[in-house]
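To keep things clear, I will list the structure first and then write my remarks on it.
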Amino acid sequence: MAAITDEQVETVRALVASIPTGAVATYGDIADAAGLSSARIVGWIMRTDSSDLPWHRVITASGKPAPHLATRQLELLRSEGVLAADGRIVLREYRHSF
DNA sequence: CCCCTGACAGGCG
DNA sequence: ACGCCTGCCAGGG
């Protein structure tokens, strides 16, 4: 295992931190930009590594955060100017390109 | 070492 | 549009 290096984790955190206010990115985008083969790894990093990262700017490809965080996410994003339509973020509008 | 779980994604019915 | 299944990688029991 350990197919993932600390550098990869650093990259992921850097990418998440680089997401400007008012923008969002999907797990898949980050995984791809970080050179990871699976978007799930990104989720794993976010879950384990509770850093000062703006994790709320990371959403799923469906535009809907995980159920347990959805409420919090939407609220935080809302305060940043990212509005959700029917509990779903409009990726086409806020998706950040790396 | 096997099995389950998990901040996911894409395909299929 | 929604739910289920499969592929993916890593960690914990």
Side-chain angles (χ1 to χ4, degrees):
Chain A
M1 55 180 211
I4 179 174
T5 63
D6 293 337
E7 188 176 292
Q8 298 288 36
V9 178
E10 288 294 313
T11 303
V12 172
R13 299 207 296 181
L15 288 168
V16 175
S18 70
I19 302 173
T21 303
V24 298
T26 68
Y27 290 90
D29 287 343
I30 296 172
D32 184 67
L36 295 175
S37 34
S38 177
R40 207 166 237 187
I41 303 303
V42 179
W44 163 69
I45 295 173
M46 300 304 278
R47 188 198 72 186
T48 58
D49 199 335
S50 304
S51 306
D52 304 317
L53 298 173
W55 53 275
H56 52 276
R57 292 181 190 153
V58 183
I59 60 179
T60 68
S62 305
K64 289 171 58 75
H68 45 283
L69 299 174
T71 308
R72 192 157 167 84
Q73 286 302 61
L74 265 36
E75 191 176 331
L76 287 168
L77 290 172
R78 184 186 61 186
S79 64
E80 294 189 337
V82 180
L83 303 181
D86 213 36
R88 141 173 48 76
I89 303 296
V90 185
L91 286 172
R92 184 167 75 179
E93 184 67 42
Y94 306 103
R95 196 175 195 179
H96 177 62
S97 302
F98 292 109

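Computation of the quantities below employed the complete heavy-atom set of this structure, encompassing side-chain atoms and omitting hydrogens, waters and symmetry-equivalent molecules. Here is how names work: the chains are called A, B, and so on, in the same order as the sequence lines, proteins then strands, and each is numbered from 1.
- In the hydrophobic clustering of ILVMFWY residues, with side-chain heavy atoms under 4.5 Å counting as a link, Y94(A) and I19(A) come out apart.
- The cluster map of Ile, Leu, Val, Met, Phe, Trp and Tyr, joined by side-chain heavy atoms under 4.5 Å apart, puts L53(A) and L69(A) in the same cluster.
- Toward the 5' end of DNA chain C, the nearer of the two residues S38(A) and W44(A), judged by each one's closest nucleotide, is S38(A).
- Here the C1' atom of nucleotide dC8(C) and the CD1 atom of I45(A) are 14 Å apart, to the nearest Å.
- For E75(A), the salt bridge (Lys or Arg N to Asp or Glu O under 4.0 Å) criterion is met by no residue, not counting sequence neighbours.
- A 4.5 Å side-chain heavy-atom check between I45(A) and I4(A) finds at least one atom pair inside the cut-off.
- For the pair K64(A) NZ and dA9(B) C1', the interatomic distance rounds to 16 Å; values are reported in whole Å.
- Every residue two or more places apart in sequence or in another chain that forms a ring-ring contact (aromatic ring centres under 6.0 Å, His included) with H96(A) is listed here: F98(A).
- In the region residues 72-84 of chain A, proximity to DNA chain C at under 4.0 angstrom, judged on heavy atoms, holds for none of the residues.
- Look at CZ on R88(A): it is 8 Å from P on dC2(C), rounded to the nearest Å.
- Side-chain atoms of R47(A) lie closest to dG6(B) of the nucleotides dA10(C), dA9(B), dG6(B).
- Distance, I4(A) CD1 to dG11(C) C1': 12 Å, rounded to whole Å.
- Between W55(A) atom CH2 and dG6(B) atom C1' there is a gap of 16 Å when expressed in whole angstrom units.
- Positionally, the nearest nucleotide of DNA chain B for I41(A) lies more toward the 5' end than for the other of D29(A) and I41(A).
- Using a 4.0 Å cut-off, some side-chain N or O of S37(A) falls inside it from OP1 or OP2 of dC9(C).
- In this entry the distance linking CD1 of I30(A) with P of dC8(C) reads 21 Å, nearest Å.
- Residues R57(A) and V16(A) form no side-chain contact, since every pair of their non-hydrogen atoms from C-beta on lies 4.5 Å or further apart.
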